[in-house]
Amino acid sequence: MNSFNSALGKNITFVRPAYFIISGFSGIPNIKYYYVFLCFVYVVSVLGNTVVMVVIYLDHNLRTPKYVAVFNLAFVDLLGSSALMPKLLDIFLFNHPYISYNDCLTLLFFCYTFLFMQVFNLIALSYDRLIAIMDPLHYHVKVTHGFMLSLIASFWVFVVITVLILVGLLTRLSFCRSVVINSYFCDHSKMFRLACNDYTPSFVFGVFLIALFIVFPLAFIVLSYVCIGYSLSKVATAQERYKAFRTCTAHLSLVAIYFIPIIIAFSIESSRIHPNVRIINLSLTSFFPPMLNPIIYVLQTQEIQVSVKKILKVRIQSKVKVRKVIIK
């Protein structure tokens, strides 16, 4: 820690390599097929999230505060997977494992920004469900478009500033031990451990981010559903309880898809498991939730199902009219 403090107060030159090497998997034959599989997952993710965004944009009935958060979630999923996949394919399918120092920090910034925004979107949706079920009479007063837009905007600002601090701490490190990152992207936990000076601030801030973006959000979501469960227990009939809880199933599915792999990833991080297992878990964590999120909302949300059917019906009818005009 002393070296870090002295670096802040003095003009010290930090050793910054021209490039890093992303090692990826080791000792697995035909691993390129796995990256082709991830590419397929990415394509499905892009199509699914684009459909959700287009449906919300076209259907004025979905211009509600809840779907402001859903739209932002699809937007974040689309950008997050798009920030990572092109570079991943370039590194492993086209055999370009070298990435410049600045490009590596830029990739880290975007990957972590979109990753953290995913969990904050889940918090916004959790708050929306909490108020909708516990205080339905005042829902339209407490959860307005302005409130949801302000909440999402404040999340963006907070996440960007936090990740900038994360990247800034990495720039205070000297990388003179190795330039090989044992991961599939510019992984923060793997990068700062390559430093030959004191990396305590990066380590401490990394632990702080785990609490800030995983532990506290998960605790808030769990507590909100405890309150929802208590509120539903006072509802008169089982049918009413089921109808109210059904509006939460899509959000609960998103929470499970996001947090279960993340918890497994950090459990693996703290144990001595082969790096290949960790990379598989982290890569699936990065690409599967963005693919499954739009599928879940289309299948489990009645409003979106109705909107999709309406849009498809309008398009079919317009095509039929065009054909009739051409025939005439």
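The figures here come from the full heavy-atom set of this structure, side chains too, leaving out hydrogens, waters and symmetry mates.
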Please confirm whether the backbone N or O of R246 pairs with a side-chain atom of T249, one donor and one acceptor, at under 3.5 Å? yes
Does D77 reach the main-chain N or O of M291 with its side chain, forming a donor-acceptor pair under 3.5 Å? no
What pairs of residues pass the salt bridge (Lys or Arg N to Asp or Glu O under 4.0 Å) test when at least one of them lies in residues 133-155, not counting sequence neighbours? D135-K142
Pairs satisfying salt bridge (Lys or Arg N to Asp or Glu O under 4.0 Å), at least one member in residues 83-110, at least two apart: K87-D90
Holding to side-chain hydrogen bond (donor to acceptor under 3.5 Å, both in side chains), I want the full list of residues that pass it with T50, two or more places apart in sequence or in another chain. none
Is the count of non-hydrogen atoms from other residues, nucleotides or ligands lying under 6.0 Å from [X] atom [atom1] greater than 12?
X	atom1	value
H140	NE2	no
R63	CZ	yes
F110	CZ	no

Suppose we call two aromatic rings close when their centres sit under 6.0 Å apart. Are [X] and [Y] close by that rule?
X	Y	value
F25	Y34	yes
F92	Y184	no
F175	F20	yes

Under 3.5 Å, is there a donor-acceptor pair between the N293 and Y258 side chains? no
Taking only residues two or more places apart in sequence, or in another chain, which ones meet F185 in a ring pair (Phe, Tyr, Trp, His ring centres under 6.0 Å)? none
Could you label the plane-to-plane angle of the F147 and Y127 rings as parallel, tilted or perpendicular, counting under 30° as parallel and over 60° as perpendicular? tilted
Run D187 and Y112 through side-chain hydrogen bond (donor to acceptor under 3.5 Å, both in side chains) and show every step you take. CA-CA 9 Å; D187 192 341; Y112 277 81; 3.2 Å; yes
Could you give all pairs that pass the disulfide bond (SG atoms under 2.5 Å apart) test and reach residues 111-147, with sequence neighbours left out? none
Residue pairs fulfilling ring pair (Phe, Tyr, Trp, His ring centres under 6.0 Å) with at least one residue in residues 40-75, sequence neighbours excluded: none
